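A short write-up of the structure that comes next.
Not measured: the values here are computed from a predicted model. We count residues from 1, following the sequence as given. We count ligands from 1, going down the list as the structure has it; atoms in each ligand are counted the same way.
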Amino acid sequence: MKVTVARPTGLCFGVRRAISELENALKKYGKIFGLGSPIHNPQEIERLEKLGLVVVDNPGEIPPDHPAFIRAHGISPKMRESLLNRTSLIVDGTCPFVRNVQEKAALLRQEGYRLIVVGNAAHPEVQGILGYAGEGAKVAGNVSEVPTDAGKGRIGLVCQTTQKEAVLQEIVAALLSHADELRVFNTICGATLERQQAVMELAPRVDGMIVIGGKNSANTGKLVEISMESGIPTLWIEHSENLERGWVRGKENIGIAAGASTPDWLIQELISTLESARSPRGMD
Ligand code: SF4
């Protein structure tokens, strides 16, 4: 059995940077309160919690003047204000690319555009962006979710960083036919696209793809979708322990892809598990 890892794959620049800042802060403060889960990966969260991370859902849960951490997804201005009312010890891990979406949304709002954010309304990154996009901003996850009156007036469009380019193109095409004015910032992150392309390139060369990453990770889910669309058997696991022996059996070329929030150690463990499957005792 041959195992090929998609390139690039795994932790993106923004998450790697945020986790490194969090680890430095944990060394400095011993304990830090993370506003929301700092990485969409349960195994990595478990590791960070052992180092002193406490994940909370809102600033009110942070004891006054205790250190707080903002994850790579960023937060809305209103949330930042609540956080500052609680503590001035803030370690800001917002990814610079997410910051760019927030700035573009604020710019469009300032210039009088009505905003559509292409993305998943429930995703924390989109929640944060909406805080900059202003009242009346709408979220569309696909072309059927574009508001029916969206074509009227001046429309501004930004995109959740982890969206698929095809979805953005479809929405732009739908709006183009009847918008008075349409201004689009393609804010899809390069890291996401590169990982998606790596899966597309690897898929025809393997007879099965294992995508490793949190089930709560949007960008990992997109990799799974792309792999399945290419028609090859695809397995989505969070940990090498979830690997199914029956799924691996009979496959000669296995591809591995990992979401932008999957730490290196989980990928390495998966490679080792697959390598052990080559041994006479297999994955016993
Ligand atoms: S996927 Fe892109 S935007 Fe999101 S954290 Fe990573 S580098 Fe930043």
Side-chain angles (χ1 to χ4, degrees), residues 6-25 34-45 48 53 55 69-76 79-80 90-107 117-133 139 141 157-168 184-200 211-227 236 257-267:
R7 296 273 178 241
T9 212
L11 281 192
C12 62
F13 152 78
V15 175
R16 199 178 286 279
R17 175 180 175 273
I19 295 301
S20 150
E21 283 180 14
L22 175 57
E23 282 174 335
N24 288 340
L35 196 50
S37 194
I39 179 167
H40 282 162
N41 188 279
Q43 291 75 23
E44 181 70 344
I45 289 296
L48 292 165
L53 170 72
V55 178
F69 176 75
I70 299 174
R71 59 187 166 181
H73 295 319
I75 55 173
S76 69
M79 185 70 89
R80 189 175 289 268
I90 296 177
V91 180
D92 191 350
T94 306
C95 172
F97 298 129
V98 174
R99 185 79 208 128
N100 173 53
V101 192
Q102 295 173 341
E103 284 168 3
K104 292 290 188 295
L107 177 81
V117 180
V118 177
N120 172 0
H123 194 282
E125 181 191 317
V126 174
Q127 296 288 317
I129 296 166
L130 279 174
Y132 289 85
V139 182
L157 211 142
V158 294
C159 201
Q160 181 184 352
T161 55
T162 48
Q163 277 300 299
K164 267 162 81 177
E165 186 128 344
V167 173
L168 174 63
V184 180
F185 285 109
N186 179 351
T187 47
I188 295 176
C189 162
T192 309
L193 273 180
E194 283 165 16
R195 278 153 186 75
Q196 292 175 357
Q197 274 159 5
V199 171
M200 283 181 220
V211 181
I212 182 162
K215 293 279 166 96
N216 55 347
S217 156
N219 70 79
T220 308
K222 290 272 166 7
L223 298 185
V224 173
E225 240 178 82
I226 289 169
S227 177
W236 183 357
S261 46
T262 307
D264 299 343
W265 62 270
L266 278 172
I267 303 172

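- Side-chain atoms of H73 do not come within 3.5 Å of backbone N or O of P124 as any donor-acceptor pair.
- Annotation: protein N, O or S atoms under 2.8 Å of atom 2 (Fe) of ligand 1 (waters excluded) comprise C189 SG.
- Listed by chain and residue number, H123, T162 satisfy the side-chain contact (heavy atoms from CB on, under 4.5 Å) test with A218 (two or more places apart in sequence, or in another chain).
- Under the salt bridge (Lys or Arg N to Asp or Glu O under 4.0 Å) criterion, E165 pairs with no residue at all, not counting sequence neighbours.
- No donor-acceptor distance shorter than 3.5 angstrom exists from the side chain of R71 to the backbone of C95, with no hydrogens or angles considered.
- For the side-chain contact (heavy atoms from CB on, under 4.5 Å) test, residues two or more places apart in sequence or in another chain that qualify with C189 are F97, T161, A191, T192.
- W236 places a side-chain N or O within 3.5 Å of a backbone atom of G213 that can act as its donor or acceptor partner.
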